Amino acid sequence: MAFLGRGHLPLCCALLFCLLLDCVSAESITAKVGSDITLPCKYDAQHYGRLSVCWGRGAIPNSGCNNEVIKSDGTSVTSRLSERYLLMGNLGGGDVSLTIRQVEKTDSGMYGCRVEIPGWFNDHKHQVTLTVEAAPPDPLNLEIKEVKEKSITFGWTSGFDGGEPIISYNLDLQENKGTWQSTTIEHGELPQLTLLDLSPATTYKLRMFAMNSVGKSEVSNLLIVKTREAAPDGPPLDLQLESLTSHSIRVTWKPPNPKLRNGILLSYSISYREYDHASKQYKRWQHAKTSAGIGPPATVPLCTTLDIVHTTSTVSTAKSASTPATIWIQDTTSIPLVHTTSKTASTPATIWIQDTTSIPLVHPTTTDEPIPAATVWEDLTTSTTLVAPDPPVVELKEVQSHLISISWTPGFDGGSPITGYYLEYKEINNFWDHTDNIRIDFKPDETDATLLEINDSTYNIRMFAKNSHGTSKASNVLTVTIEETVHKIDDLSTTTSTDNHAAASVEEESKNVHLATIVVPVVLVVLIVAIVSAWQLRRMKKKTDSMNIWLTGGALHFRSSEPLQEL
């Protein structure tokens, strides 16, 4: 026992010194403004049972907690300073870690945890220094306010500023499938902006970022906006007039410049009149039309009909210039079509203008069979062909466990209302026509969906839009991986934290606690034995007339009132 005492004397002294001076374990944690942070503190509840605990701000005093923020009796919370302070750990298992919701800069400082263990100098004390730093702002939420032919007005809603004021915004604009164009916008009081000088009937994508002194936020939601159609800015091109007979003129043209159409061409408006009665000269105008209106006219020089008509027919008569004219529409391949036949507005066309008489005129390449004719007085329009819709744009909203949430934005409806959507998804190794693939139909007013009970795998997801004229091409393809996450929990040492930016390690603290539970009883036993031994030696001294014997360096020494020989 004497040898054991000498070998562990430094450790025992250090432990006694720590107990007498009230030693405290400490660590530091850094968190971002607005996040949730957990400050760790645990004790061995299996050994001690449920114990009272308190958390305070500042250094831990000799008893209790300074500036107490929360207190528990070991079973539940008995008092707290604010609803932001929580004990979310397993109290019955000894986890009394402090969680602070949405930390602010003012939350920075020292926090102390005291677990009241029965006995002298037994309280478990843990000290944590928290540093709260500012963060970039939260993403903006964009919303369309107004869409016109050449302008888009939109607004945004700001979230948490990250603990520092927002300085400016960064706007990204993309036209159709071009490159992103960035513009910096100074922070103002009115969270709204109007983009001017845009192209009509053009699809734009908008996104924004908020900036503070720390950095840039995550990207906002994506807006996909198509400006309204406008009347064409350009006239039909390559307008040509050709006199065929004394009673007919052929007119040919091409559609306006694509950049000046300002929408889908629905029809052409053709007007003509006799300009000079004596010479039978005709003057005409032609306009292209969209759903928003009529474009500028295409004008050509005057055209004069021929004096004599040469045909294979034996019938030929003159006619008054005031008689109405007949018009045929003909494409550039010169295949005659009666003008009542529909024709897409973007296809070049030919028009024959011909006077009518009571005796049917005969086309030069036909026999005596009369040509069916329809009389047009002022304007002639041709209709457009409706098409299937454009595919929707699909975005991934959230992936949780065996759940996938998506949303989609409709494209151009093809001139006919969209009647519905359908979604297809498959495992990544399957083909799209595999029998195990899943198809889900949606109503035309639905723009988001949640897929449930998805097995662990990697999936491809795409969508289609439908209208009365057909089905769109496939949308963009999302690739999503579903994995099961396994969490291992240590029954004696667990930490519950909702902070995504900071984590605290308590491994060293756990080692110190277990070491203390072993060493403290040993020291107490040594102290008890030393006290009992001293008491026994004192009794022996009284019985042997105050005789003392001890060893030093191997030599025997004695002190007594009796002679050595008598001993």
Side-chain angles (χ1 to χ4, degrees), residues 149 199-201 229-310 321-356 361 363-365 371 373-385:
E149 292 84 355
S199 300
E229 292 189 355
D233 286 333
L237 302 176
D238 296 337
L239 189 63
Q240 302 291 333
L241 301 181
E242 180 183 0
S243 297
L244 298 180
T245 69
S246 60
H247 305 288
S248 63
I249 296 172
R250 181 167 63 188
V251 183
T252 61
W253 71 90
K254 294 181 180 179
N257 187 320
K259 295 183 178 180
L260 301 178
R261 294 177 188 175
N262 296 340
I264 298 176
L265 297 179
L266 301 178
S267 62
Y268 294 95
S269 175
I270 302 172
S271 304
Y272 73 98
R273 67 181 176 86
E274 186 177 355
Y275 182 70
D276 188 331
H277 178 75
S279 61
K280 293 186 178 180
Q281 290 182 333
Y282 288 87
K283 188 172 183 180
R284 66 167 308 284
W285 300 265
Q286 185 178 30
H287 310 259
K289 286 184 178 180
T290 66
S291 61
I294 190 170
T299 59
V300 295
L302 299 176
C303 182
T304 304
T305 56
L306 299 179
D307 292 334
I308 301 175
V309 177
H310 301 283
S322 61
T323 306
T326 301
I327 296 180
W328 287 272
I329 295 181
Q330 181 181 19
D331 64 14
T332 52
T333 59
S334 298
I335 300 175
L337 298 172
V338 179
H339 86 283
T340 54
T341 303
S342 297
K343 181 176 184 61
T344 58
S346 60
T347 306
T350 301
I351 291 184
W352 287 6
I353 302 178
Q354 182 174 4
D355 289 344
T356 58
L361 296 177
H363 193 277
T365 60
I371 298 177
T375 301
V376 176
W377 286 99
E378 282 293 332
D379 295 330
L380 174 69
T381 61
T382 59
S383 61
T384 185
T385 301

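Values below: all heavy atoms of this structure, side chains included; hydrogens, waters and symmetry mates excluded. Because the structure is predicted, anything quoted here is derived from the model rather than measured.
Counting heavy atoms from C-beta outward, Asp238 and Thr252 have side chains that stay 4.5 Å or more apart. A heavy-atom distance below 4.5 Å is not found between the side chains of Ser291 and Ile264.
In this structure, CG on Asn262 lies 10.5 Å from CG on Asn257, to the nearest 0.5 angstrom. Atom OG1 of Thr290 sits about 7.5 Å away from atom CG of Leu265, to the nearest 0.5 Å. With values rounded to the nearest 0.5 angstrom, Leu244 atom CG is found 5.5 Å from Arg250 atom CZ. Atom CD of Glu229 sits about 12.0 Å away from atom CZ of Arg261, to the nearest 0.5 Å. Note: Leu241 CG to Ile249 CD1 = 6.5 Å, rounded to the nearest 0.5 Å.
The nearest pair of heavy atoms linking Gly293 to Ala231 is C-CB, 3.7 Å. Heavy atoms only, all atoms of each residue included: Tyr268 and Pro256 are closest at OH-CD, 4.2 Å. For Pro296 against Gly234, the heavy-atom pair with the smallest separation is CG-C, 3.8 Å.
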